[in-house]
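Quick note on labels: first sequence line is chain A, next is B, and so on, each numbered from 1.
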Amino acid sequence: MTDRLLQSLTDAQREAVETVDGPLLILAGPGSGKTRVVTHRVAHMLNSGIAGRNILALTFTNKAADEMKNRVEQLAPGSHVWMGTFHSFCARLLRMHGHLVGLAENFTIFDTQDSKRALKSVLAQEEIYLTHTSPEAIVDEISWAKSALLNPEEYEPRRSSRFTPVGEITKRVYKLYQDYLIKNNAADFDDLLLHIATLLRDNHELRETLDERYRYIMVDEYQDTNVAQYMIVRALSINNPNLSVTGDPDQSIYSWRGATISNILEFEKDYPNTKVVKLEQNYRSTKRILRVADALIANNTKRKHKYLFTENPEGDQVRLVQFSDGRSEADAIVEQIQSLVGQGKASYKDFSVFYRTNVLSRPVESALRSHQIPYQIVRGLEFFQRKEVKDIVAYLQLLNNPNNNVALERVINTPTRGIGKKSIEHLVGHAHRYDLTMLEACRECGLIESLSKRAAASVSKFVTILDILATQIHEPLGHLVKEVVDNTGYLEYVQLQDEKADEDREANVHELISAAEEFQREFPDDGLDEFLETVSLTSDTDDIDADPDRVTLMTLHAAKGLEYPRVFIIGVEQGLLPHERSRDDDRAYEEERRLLFVGITRAEESLQLSYTARRMTRGTFRPAIASPFLLELPREEMDVHMPTPASAWDASGFEPNEFFHDDVPDDEAWLQDSVDAEFEEVDVKAKPAVPDVAEQLASMVRPAASMATGSTKQEKLAQIPQLSEGIVVLHAEYGTGVIKQMSGKDEKLTISVEFGVDEKFSKRFRWVFAPLMIVRSE
DNA sequence: CAACACGCTTTTTTT
DNA sequence: AAGCGTGTTG
C-alpha cells in the first residue's frame with residue numbers, strides 16, 4: 001500500500017511525504033501538487049502506524065478542508081484525522097475548555113454582523129456617539145488587535161489608526177466590548193483563536209496535553225497565518241515538533257486580515273532542524289499561462305525569486321479583451337462558454353469566473369441565468385447571511401444561549417409584534433440597571449414602569465413563545481427549526497414581504513429547514529450547539545444541491561487552492577485590481593499583484609483577462625481604466641482583442657461581436673493611453689500643497705490615515721507647543737471645535753473647546769487623555 | 001408609540 | 001440589499 005502511494009509521486013514530492021518526524025517546510029509553487037503531497041503524507045503516516053487522532057491538519061477555508069477530507073478518505077478510508085479550519089478547530093477546543101476564559105459550553109459564535117451589533121450596544125451604553133468614525137472601523141481595529149494577540153490592556157493603536165479617532169475610541173471600548181461578549185456567552189471569530197492562544201500560553205497543563213494529543217500537525221497556506229494562529233501552532237509543537245507547513249509567499253493575500261508573511265519566512269529560524277522541500281514543477285498550467293504569471297509576479301520587489309517550470313504543452317495565448325461595459329463582458333463570456341460546450345469541447349464544470357469584488361458577479365449571474373446555464377457561486381450573497389435565515393438562526397441561538405442579547409434584540413420584534421425602538425430602549429435600560437440579561441429583563445417587563453401596557457403585553461407574549469420553544473430544544477433539528485418558524489409566525493411575515501418586494505424569502509426559510517434536516521442526517525449525534533457552530537463557520541450550502549456540472553463564480557480570494565481548465569478573470573481595472581484602497585500603500589499594492597497571480601495560476605488550459613471601458617458603480621456609469629498590471633504581462637504571450645477606439649466610448653451602437661475583430665494595434669499605446677489618462681485624473685484630484693481651512697475641515701469628515709498628528713501620551717505632550725486659543729481640533733465624538741481657553745501645564749493642561757455649528761456647546765478636556773487631534777495649527 | 005415608506009448610502013477581500 | 005434618518009399615518 002505504502003509503495004503504491006509513493007510510486008505516483010515525483011522525487012521532491014516523495015521526499016516531502018516521507019519526512020514524517022521533525023519540522024518540515026514545503027515551499028510549493030502554484031500547481032505543484034501540494035494537495036496531493038499533503039493528502040499522501042497523511043495516508044503515509046497512517047500506514048506507518050501513527051494513530052489518526054494524533055494528527056491535526058489545519059486549513060483556512062472550509063473548501064480546502066473538505067477537499068482534503070475527501071482525498072484522504074479515498075487514500076485511507078475511516079481515519080480519525082482532525083481536518084478543518086483553524087476557526088472550527090478552536091471552536092471545538094473552546095467548547096471543552098471555554099470555562100477557563102469565562103465561556104460556557106453553549107457559547108455563541110458572533111459573526112461580523114453580530115459583532116457590530118454588540119459593539120453598537122456597548123457604544124450606546126457608554127453614550128458614545130460616533131460622528132467622525134464608524135462602528136465598522138472600530139470593530140476592524142479590535143479584530144486587528146485580537147489577531148495580533150493584543151488584549152485590551154496591551155492594545156495600542158496601530159500606525160494607520162493612531163492619527164484617527166479610531167485608535168482613541170478603540171482604547172476606550174475594547175475592554176468593554178470584550179466584557180460584553182463574555183456576558184453574552186459569546187465569542188467573535190477572532191476570539192476563537194485568541195482565547196485558545198491565551199489558554200495555551202497560560203495553562204501549561206492543557207498545553208502539554210494538547211501538544212501530546214496532536215503530535216503531528218500540518219498547516220496549509222502557512223503564508224496566510226496571523227500571529228494568533230502562529231502562536232497556537234507553536235504552542236502545540238513544543239514537545240512534539242512534528243510540524244509541517246506548506247505555503248508560497250507569492251500567494252500571500254490575506255495580510256489585511258492580520259496575516260504576517262514573516263511566519264513562513266522565519267519558519268526555519270523558529271524550528272532549527274527544519275527540512276525544506278521545494279516543489280517547483282507545475283503540473284497544472286500550460287507553459288504560456290505560467291510565463292504570464294511569472295512575468296507578472298516578477299514585478300514585486302519584496303520577493304525571493306522563484307523558479308517555476310512545467311513540462312505541460314505550450315498552450316494557447318492568454319486572451320486579453322476589452323468590453324464596453326460589465327454587461328457585454330458577462331454576455332460575451334457566457335456566449336463563449338455556451339459555444340464551447342455546444343461544440344462538445346468542454347463542459348460547464350471546466351469554467352470558472354473570478355473577480356476582485358463580490359458585486360462584479362451580478363451581471364455574470366444574470367447572463368448565466370438568462371442562458372439557463374447551471375452555475376454555483378462561492379459565497380456571493382451568503383446563504384446564512386440572508387436576513388430571513390439570520391432571523392431564524394437568531395431564535396435558535398437565543399434558545400441555545402439565553403444570554404445572547406444580540407440575538408434577542410434581533411428577534412424581539414421580528415416578525416413585528418408591537419415592540420418598537422422605545423420599548424427596546426426601556427428593556428435595555430432595565431437590564432443594565434439591574435445587571436440582567438435581556439431575556440431576564442423581558443421576563444420582568446411587568447415591573448418596568450416606563451414600558452407601556454401594550455408593549456409589556458407583547459413582550460410577555462414573546463417570552464412565552466420562547467418558553468414553549470425551549471421545551472423542544474432537544475428535538476431533532478429539522479423539527480426544531482420548523483417549530484421556530486411555526487410558533488413565531490415567521491412564514492406569514494415573510495410571505496407578506498415577498499408579495500411586496502417580489503422576492504422569494506420563503507424559499508430560503510424552507511431551505512434552512514432542509515439544511516437542518518440534512519445536518520441531522522449526516523451527524524445524528526450532534527445537537528443544536530454543533531449545528532449553530534457549523535452555521536456560523538460555514539457560509540454556503542454547497543453540498544445541498546450538488547449538480548456537479550456547473551460554472552463556478554468566485555472572488556479571487558476564494559479561488560486560492562483551486563484549479564479549473566478554463567478561467568475568466570473579469571474587471572482587471574485600475575481601482576478594482578489593484579483595488580482603490582491599496583493605492584497609497586506599496587505593500588498592499590504588491591498584494592493586489594499577488595492576487596492576480598493567484599487568479600492566473602488557477603488556469604490549466606485557457607485564460608482570459610478582461611476589462612471594460614465603463615463600469616456601473618453605485619448606479620452610474622464611470623469610465624473604467626485598464627489595470628496597470630496588464631502592462632506588465634508579456635505581449636508575445638497575449639492575444640489582444642479590443643474595439644476600435646471610437647466605439648469604446650460609445651456604448652449605444654455597440655454589438656458584442658464587434659469586440660472580436662482582429663484589428664489589434666501593434667504597440668501598447670492603447671493600454672499606455674489608459675494608464676496615462678488615469679495619472680492625469682489623479683493629478684487633477686490631487687490636493688494642493690497648502691490646503692485652506694475649509695478644505696481641510698471638509699476632508700476631516702472622513703479622516704484620512706495620513707493625518708500628521710499624534711495620539712500616544714508622549715506624542716500628545718510633544719504637540720502641546722502647537723496648541724493655543726483659536727486652534728481647530730477634532731474630537732472623536734463631537735467633531736471639530738475651537739480651543740477657547742487653556743489652563744495648566746504639560747500633563748495637567750486642560751483646554752476648553754467649543755463645538756457645534758448652529759448650537760454651540762463647550763467641553764473641557766485634559767489634553768493628554770482627550771480623544772482630540774489637531775486639525776489645523778497656526 | 002409603532003409601523004411603514006422613501007431616499008440616501010454603503011462595500012475589498014473571509015473565518 | 002440592508003441600515004439609517006426622516007416624515008407620515010394609525
Quick one: is [N] close enough that its OP1 or OP2 comes under 4.0 Å of any side-chain N or O from [X]?
{"X": "A:Asn358", "N": "B:dT13", "answer": "yes"}
{"X": "A:Asn226", "N": "B:dT15", "answer": "no"}
{"X": "A:Asn62", "N": "B:dT14", "answer": "no"}

Whole angstrom value for the distance that separates [atom2] of [N] from [atom1] of [X]:
{"X": "A:His579", "N": "B:dT14", "atom1": "NE2", "atom2": "P", "result": "12 Å"}
{"X": "A:Glu425", "N": "B:dC1", "atom1": "CD", "atom2": "P", "result": "10 Å"}
{"X": "A:Leu427", "N": "B:dA2", "atom1": "CG", "atom2": "P", "result": "10 Å"}
{"X": "A:Glu533", "N": "B:dT15", "atom1": "CD", "atom2": "P", "result": "15 Å"}
{"X": "A:Leu360", "N": "B:dT11", "atom1": "CG", "atom2": "P", "result": "17 Å"}
{"X": "A:Phe354", "N": "B:dT14", "atom1": "CZ", "atom2": "P", "result": "13 Å"}
{"X": "A:Glu591", "N": "B:dT13", "atom1": "CD", "atom2": "P", "result": "14 Å"}
{"X": "A:Asp140", "N": "B:dT13", "atom1": "CG", "atom2": "C1'", "result": "12 Å"}

With sequence neighbours excluded, residues passing ring-ring contact (aromatic ring centres under 6.0 Å, His included) with [X]:
{"X": "A:Tyr493", "value": "A:Tyr490"}
{"X": "A:Tyr230", "value": "none"}
{"X": "A:Phe462", "value": "none"}

Measure from the side chain of [X], starting at C-beta and using heavy atoms only, and say which of [options] lies closest.
{"X": "A:Thr112", "options": "C:dA1, B:dT15, B:dT13", "answer": "B:dT15"}
{"X": "A:Phe189", "options": "B:dT15, B:dT14, B:dA2", "answer": "B:dT15"}
{"X": "A:Arg581", "options": "B:dT13, B:dT11, B:dA2", "answer": "B:dT11"}

Please identify each residue that fulfils side-chain contact (heavy atoms from CB on, under 4.5 Å) with A:Arg95, with sequence neighbours left out.
-> A:Phe107, A:Ile109, A:Asp529, A:Glu533
Residues that A:Thr601 engages under side-chain contact (heavy atoms from CB on, under 4.5 Å), provided they are two or more places apart =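 A:Thr601 satisfies side-chain contact (heavy atoms from CB on, under 4.5 Å) with A:Pro30, A:Ala293, A:Phe597 only.
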Identify whether any heavy atom of A:Thr357 sits under 4.0 Å from a base atom; if not, whether one sits that close to sugar-phosphate; answer base, sugar-phosphate or nothing.
->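 Sugar-phosphate, backbone atoms only, no base.
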NA contact type, A:Asp190, heavy-atom cut-off 4.0 Å: base, sugar-phosphate, or nothing?
->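 The residue A:Asp190 makes no contact with any strand.
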Pairs counted as Watson-Crick or G-U wobble with both distances under 3.5 Å: what dot-bracket string results for DNA chain B, using | for bases tied to another strand?
-> ||||||||||.....
Assess the pair [X] and [Y]: is the distance between their ring centroids shorter than 6.0 Å?
{"X": "A:Phe60", "Y": "A:His87", "answer": "no"}
{"X": "A:Phe89", "Y": "A:Tyr214", "answer": "yes"}
{"X": "A:Phe568", "Y": "A:Tyr355", "answer": "no"}

So which one's nearest nucleotide on DNA chain B is more toward 5', A:Ser582 or A:Gly418?
-> A:Gly418
More 5' along DNA chain B: A:Arg417 or A:His557, using each one's nearest nucleotide?
->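 Nearest-nucleotide comparison on DNA chain B picks A:Arg417.
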With sequence neighbours excluded, residues passing side chain to side chain donor-acceptor pair (under 3.5 Å) with A:Arg303 = A:Asp250
Just jot down the side chain to side chain donor-acceptor pair (under 3.5 Å) partners of A:Asp526, sequence neighbours excluded, or say none.
-> none
Would a distance-only check, ignoring hydrogens and angles, find a side-chain to backbone donor-acceptor pair under 3.5 Å from A:Asn413 to A:Arg417?
->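 It does hold such a pair.
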Backbone of A:His579 reached by a side-chain donor or acceptor of A:Glu592 within 3.5 Å =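 Indeed, once roles are kept as given, a pair shorter than 3.5 Å links the two residues.
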A:Glu127 side chain to A:Gln125 side chain, donor-acceptor N/O pair below 3.5 angstrom |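 No - no donor-acceptor pair under 3.5 Å links their side chains.
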Is A:Trp256 stacked on the base of B:dT13 when the test is centres under 5.5 angstrom and planes under 30 degrees?
->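 A:Trp256 ring centre within cut-off of B:dT13 base, planes near parallel; stacks.
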Identify the residue among A:Asn404, A:Thr108, A:Asn106 that makes a side chain to side chain contact (heavy atoms under 4.5 Å, CB included) with A:Asn185.
-> A:Asn106
Please list residues of residues 192-199 of chain A whose heavy atoms come under 4.0 Å from any atom in DNA chain B, ordered by number; otherwise none.
->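 Going residue by residue through residues 192-199 of chain A, none turns out to have a heavy atom under 4.0 Å of DNA chain B.
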Scan residues 83-93 of chain A against DNA chain B and write down, sorted by residue number, each residue with any heavy atom closer than 4.0 Å; if none is found, say none.
->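 Hits under 4.0 Å, by residue number: A:Thr85, A:His87.
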Short N/O separations, protein against nucleotides 3-10 of chain C, under 3.5 angstrom:
residue : atom : partner  : partner atom : Å
C:dC4   : OP1  : A:Lys120 : NZ           : 2.2

Tabulate below the donor-acceptor pairs under 3.5 Å that side-chain atoms of residues 420-431 of chain A make, not counting sequence neighbours, or state none.
residue  : atom : partner  : partner atom : Å
A:His426 : ND1  : A:Lys422 : O            : 3.3
A:His430 : NE2  : A:Glu444 : OE1          : 2.8

